[in-house]
Amino acid sequence: MKPFYITTTIPYVNAEAHIGHALEFVRADIIARSKRLSGYEVFFNTGTDEHGIKVFKIAEQLGLEPQVYVDQISIKFREIMPLLGISDDVNFIRTTDAHHIKAAQEFWNIVKKNGYIYKKDYSIKYCIGCELEKTDSELVDGHCPLHPNQDIEIVKEENYFFKFSAFQRQLLELYSSHPKLVIPGSRLNEIRAFVERGLEDFSISRLKSKMPWGVHVPDDDQHVMYVWFDALVNYISAIGWPDDVIQEKEAPGSFKKWWIESGGVVQYCGKDNLRQQSAMWQAMLMAAGLTQSQTIIIDGFVTGEGGIKMSKSLGNAVDPLEIVREYGADVFRYYVARELSPFEDSPFTVDKFKEAYNAHLANGLGNLVSRVMKMATANGIALYEGDKSRSDFSSTDEGVAAIKGYGEGFNGFDLQSASNVIWSLISKADSIIQERQPFKKIKTDRAEAERDILELLGRLEFIAKSLLPIMPETARKIIELIRKNEMPASPLFARK
RNA sequence: CGCGGGGUAGAGUAACGGUAGCUCGUCAGGCUCAUAACCUGAAGAUUGCCGGUUCGAUUCCGGCCCCCGCAACCA
């Protein structure tokens, strides 16, 4: 079986999971499931990023050891997975895992040995009020917005730096030779323009005296790693690197299989992560002598009504778990796949969600299942005689075209166009019932009506099978009903 | 002249050189197998503004206005 490796970015655990995380988990899972169904062996990775000053401070405020805090919050993220219908075999990496820490240090050693790590003075902008360093973008008029009356202190410290600037040409070559590296193409243009403007080396360590919660820099007990050389390495530590490379100890789930033979990792990330994933991380891989990622899919953001940023203070934030609690994982997955733009920002409101649920799941899919199964069961017309199907939609011209459109959607990671194929088949089936009226015909022309109903069952089965990656539980339920020739005990999606 | 994305019917979006499509909502008709569901039809858009290229522009080019994100260590 051909291997396929897909990963999400791993969320930082300074806050609980929000809808953007849920969206990314679900999208990656839909791709993972579809690959599995088309015969790939899949490694699906997600997890949590747990080091850094913010986590350290939060733990301090809560009066907890950092490790205790991250244990608590990491498990919350892990527990979300089954609630979203994420595949059971998803790998969940934590940057505090012993193996990951070892891998991050080994990665550092290799890059250093290759001459891409050096030390220099670094000016940190520090807010005394927050006791935190600040980035320019966090400052308003040169002051911390939380402490506008205090001056920002410039603290100089010696940090390790990564020679990002050395990779400008190689990165540009990579973008030219791999036009599908970043999806959608507009994001590739964006990152290319960024790299063309010139790269600055970036700092990859912090003084341990100020930031104790991090991976120790090898051979220097004054420093811990700053986020990049820690968190980004998870994509390879998750698949066993460096064991089978360094020690030539080939383990199952090895780096060679998942990173090399698969053709590289497919990564999902939000648009705020474009730079980190498609430039910084790729350069780090080059520096370590490793091959590049295969594809980086850039998600848009979920916004509130009218494209306004979602935030708790604005009161327009939607909690994915509340949605899942009320509607179930499959409905949320449907919404992510079909109602949100695959690559651009799209609004998510409870009203819109409910509207889509009623229109396309209750009235659409759910209602179709009821009407088809009613005609089949009431008249004793089953699709299967033993194991033999009496109507196979996939071999019809229409079926072949549907498979093509659906496949193209998935190949381009365009879940929306893939699911549109399914919903146009649902709509078509509704029209067929209306036009041919098998429910009426059954009284006058049984043979003809039976043919119609069998065709509808075949279509419904095709719809259900196509739905497996997106709405796995629902799809299985429908397939089961068809096999047993039964009505659903209660409506699949009750109107709300 | 920092970078990128966008402005299309009441709402959300698609098309990207050839009569502006889809979904929701609205209105009218039909059907009764179905979850007051389904089917058909209608109304509703001078495709942000101005100019250019073209036989023809929502689609290409130039200018302007407005919105959003990013602007380097914010996951």
Side-chain angles (χ1 to χ4, degrees), chain A residues 8-15 20-21 24 48-49 52 54 122 124 133-138 159 161-162 164 184 186-187 189-194 196-197 199-204 206 226-228 231-232 269-277 279-280 300-301 303 305-309 338-341 343-347 349 351-352 354-356 358-379 416-417 420 423-424 426-427 429-442 449 452-453 456 487-488 490-496:
Chain A
T8 68
T9 37
I10 53 171
Y12 192 53
V13 292
N14 64 338
H21 296 131
E24 197 176 309
T48 42
D49 173 16
K54 284 187 182 167
Y122 176 55
I124 291 174
E133 68 173 273
K134 297 281 167 176
T135 63
D136 283 337
S137 54
E138 284 177 299
N159 279 180
F161 273 73
F162 173 61
F164 191 34
S186 54
R187 296 291 175 199
N189 293 342
E190 191 175 344
I191 195 64
R192 180 188 286 123
F194 166 75
E196 276 169 354
R197 258 173 276 146
L199 301 176
E200 278 176 36
D201 297 347
F202 56 87
S203 154
I204 54 173
R206 286 294 182 271
Y226 188 66
V227 52
W228 318 117
L232 290 169
C269 74
K271 66 180 186 180
D272 56 339
N273 245 296
L274 173 68
R275 199 166 291 174
Q276 289 87 316
Q277 305 301 335
M280 293 161 72
F301 284 162
T303 69
E305 178 131 44
I308 297 164
K309 196 169 186 167
R338 178 143 187 270
E339 302 289 335
L340 298 180
S341 166
F343 310 117
E344 301 300 327
D345 291 0
S346 21
T349 66
D351 285 349
K352 286 200 158 304
K354 186 177 162 188
E355 187 181 290
N358 280 328
H360 304 293
L361 294 179
N363 301 349
L365 178 61
N367 185 50
L368 179 68
V369 171
S370 292
R371 57 198 309 210
V372 172
M373 292 319 297
K374 177 68 178 201
M375 287 187 280
T377 54
N379 299 299
Q416 197 172 38
S417 75
N420 278 341
W423 261 266
S424 68
I426 291 172
S427 174
D430 273 327
S431 312
I432 288 173
I433 298 173
Q434 178 66 28
E435 279 160 24
R436 300 193 205 158
Q437 309 204 323
F439 49 84
K440 192 186 272 179
K441 223 187 288 178
I442 194 87
D452 289 340
I453 292 168
L456 287 163
M487 275 291 283
S490 59
L492 246 34
F493 303 100
R495 269 189 77 85
K496 298 227 184 203

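Each chain gets a letter, A, B and so on, in the order the sequences are listed, and its residues count up from 1.
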Calculate the interatomic distance between [X] atom [atom1] and [N] atom [atom2]; express it in whole Å.
{"X": "A:Met375", "N": "B:U32", "atom1": "CE", "atom2": "P", "value": "13 Å"}
{"X": "A:Asn420", "N": "B:U23", "atom1": "CG", "atom2": "P", "value": "10 Å"}
{"X": "A:Met373", "N": "B:C38", "atom1": "CE", "atom2": "C1'", "value": "18 Å"}
{"X": "A:Ile433", "N": "B:U35", "atom1": "CD1", "atom2": "P", "value": "12 Å"}
{"X": "A:Tyr12", "N": "B:C73", "atom1": "OH", "atom2": "P", "value": "15 Å"}
{"X": "A:Lys374", "N": "B:U32", "atom1": "NZ", "atom2": "C1'", "value": "12 Å"}
{"X": "A:Leu340", "N": "B:U13", "atom1": "CG", "atom2": "P", "value": "10 Å"}
{"X": "A:Trp423", "N": "B:U13", "atom1": "CH2", "atom2": "C1'", "value": "18 Å"}

Taking only the side-chain heavy atoms of [X] (C-beta and beyond), determine which of [options] contains the nearest atom.
{"X": "A:Asn363", "options": "B:C24, B:C31, B:C38", "answer": "B:C38"}
{"X": "A:Glu355", "options": "B:C73, B:C24, B:U35", "answer": "B:C24"}
{"X": "A:Pro491", "options": "B:A72, B:A34, B:U35", "answer": "B:U35"}
{"X": "A:Leu492", "options": "B:C31, B:U35, B:C24", "answer": "B:U35"}
{"X": "A:Phe439", "options": "B:U35, B:C73, B:C33", "answer": "B:C33"}

Rounding to an integer number of angstrom, what distance separates [N] and [M] when you compare their [atom1] atoms?
{"N": "B:C67", "M": "B:A20", "atom1": "P", "result": "31 Å"}
{"N": "B:A9", "M": "B:G25", "atom1": "C1'", "result": "12 Å"}
{"N": "B:G62", "M": "B:A45", "atom1": "C1'", "result": "26 Å"}
{"N": "B:U19", "M": "B:U59", "atom1": "P", "result": "15 Å"}
{"N": "B:C24", "M": "B:A37", "atom1": "P", "result": "12 Å"}
{"N": "B:G44", "M": "B:G21", "atom1": "C1'", "result": "15 Å"}
{"N": "B:C31", "M": "B:U23", "atom1": "C1'", "result": "23 Å"}
{"N": "B:G10", "M": "B:C16", "atom1": "P", "result": "24 Å"}

side-chain contact (heavy atoms from CB on, under 4.5 Å) for A:Phe493 and A:Asn358? Distances and angles first, verdict last. CA-CA 8 Å; A:Phe493 303 100; A:Asn358 280 328; over 6 Å; no
Results of ring pair (Phe, Tyr, Trp, His ring centres under 6.0 Å) for A:Phe164 - residues two or more places apart only: A:Phe202
I'd like a list of close polar pairs between nucleotides 59-61 of chain B and the protein, N/O only, cut-off under 3.5 Å.
none

Regarding [X], tell me which of base, sugar-phosphate or nothing describes its non-hydrogen contacts under 4.0 Å with the strands shown.
{"X": "A:Glu200", "answer": "base"}
{"X": "A:Leu274", "answer": "nothing"}
{"X": "A:Glu339", "answer": "nothing"}
{"X": "A:Trp228", "answer": "base"}
{"X": "A:Ala378", "answer": "nothing"}
{"X": "A:Ala362", "answer": "base"}
{"X": "A:Phe493", "answer": "base"}

A:Ser424: partners by side-chain contact (heavy atoms from CB on, under 4.5 Å), with sequence neighbours left out: none
Partners meeting side-chain contact (heavy atoms from CB on, under 4.5 Å) with A:Glu24 (sequence neighbours left out): A:Thr8, A:Thr9, A:Tyr268, A:Asp299
Walking RNA chain B from its 5' end, the first of A:Pro11 and A:Leu365 to be reached, judged by nearest nucleotide, is A:Leu365
A:Arg275 or A:Thr9: which one's nearest nucleotide on RNA chain B is closer to the 5' end? A:Arg275
What is the distance from atom [atom1] of [X] to atom [atom2] of [Y], rounded to the nearest 0.5 Å?
{"X": "A:Asn159", "Y": "A:Ile204", "atom1": "CG", "atom2": "CD1", "result": "9.0 Å"}
{"X": "A:Ile432", "Y": "A:Leu368", "atom1": "CD1", "atom2": "CG", "result": "10.0 Å"}
{"X": "A:Gln416", "Y": "A:Ser346", "atom1": "CD", "atom2": "OG", "result": "7.5 Å"}
{"X": "A:Lys271", "Y": "A:Ser186", "atom1": "NZ", "atom2": "OG", "result": "10.5 Å"}
{"X": "A:His360", "Y": "A:Ile426", "atom1": "NE2", "atom2": "CD1", "result": "10.0 Å"}
{"X": "A:Ile191", "Y": "A:Arg275", "atom1": "CD1", "atom2": "CZ", "result": "6.0 Å"}

Going 5' to 3' through nucleotides 39-45 of chain B and flagging B where a protein heavy-atom sits under 4.0 Å of the base, S where only the sugar-phosphate is that close, and - otherwise, we get S------
Along nucleotides 1-8 of chain B, 5' to 3', which nucleotides get a B, which get an S, and which get a -, given that the test is a protein heavy-atom distance under 4.0 Å? --SSS---
Report the secondary structure of RNA chain B in dot-bracket form, marking unpaired bases with a dot and bases paired to a different strand with |, and treating Watson-Crick or G-U pairs with both distances under 3.5 Å as paired. .((((((..((((....[..)))).(((((.......))))).....(((((..]....))))))))))).....
My understanding is that only residues two or more places apart in sequence, or in another chain, count here; which of them pass salt bridge (Lys or Arg N to Asp or Glu O under 4.0 Å) with [X]?
{"X": "A:Arg436", "value": "A:Asp452, A:Glu455"}
{"X": "A:Glu339", "value": "none"}
{"X": "A:Arg371", "value": "A:Asp430"}

Tell me if the NZ atom of A:Lys354 is crowded by more than 12 foreign heavy atoms within 6.0 Å. no
A:Asp345 side chain to A:Phe301 backbone, donor-acceptor under 3.5 Å: yes
Would you please name every residue forming a side chain to side chain donor-acceptor pair (under 3.5 Å) with A:Asp201, sequence neighbours left out? A:Tyr118, A:Ser165
Side chain to side chain donor-acceptor pair (under 3.5 Å) partners for A:Glu196, two or more places apart: none
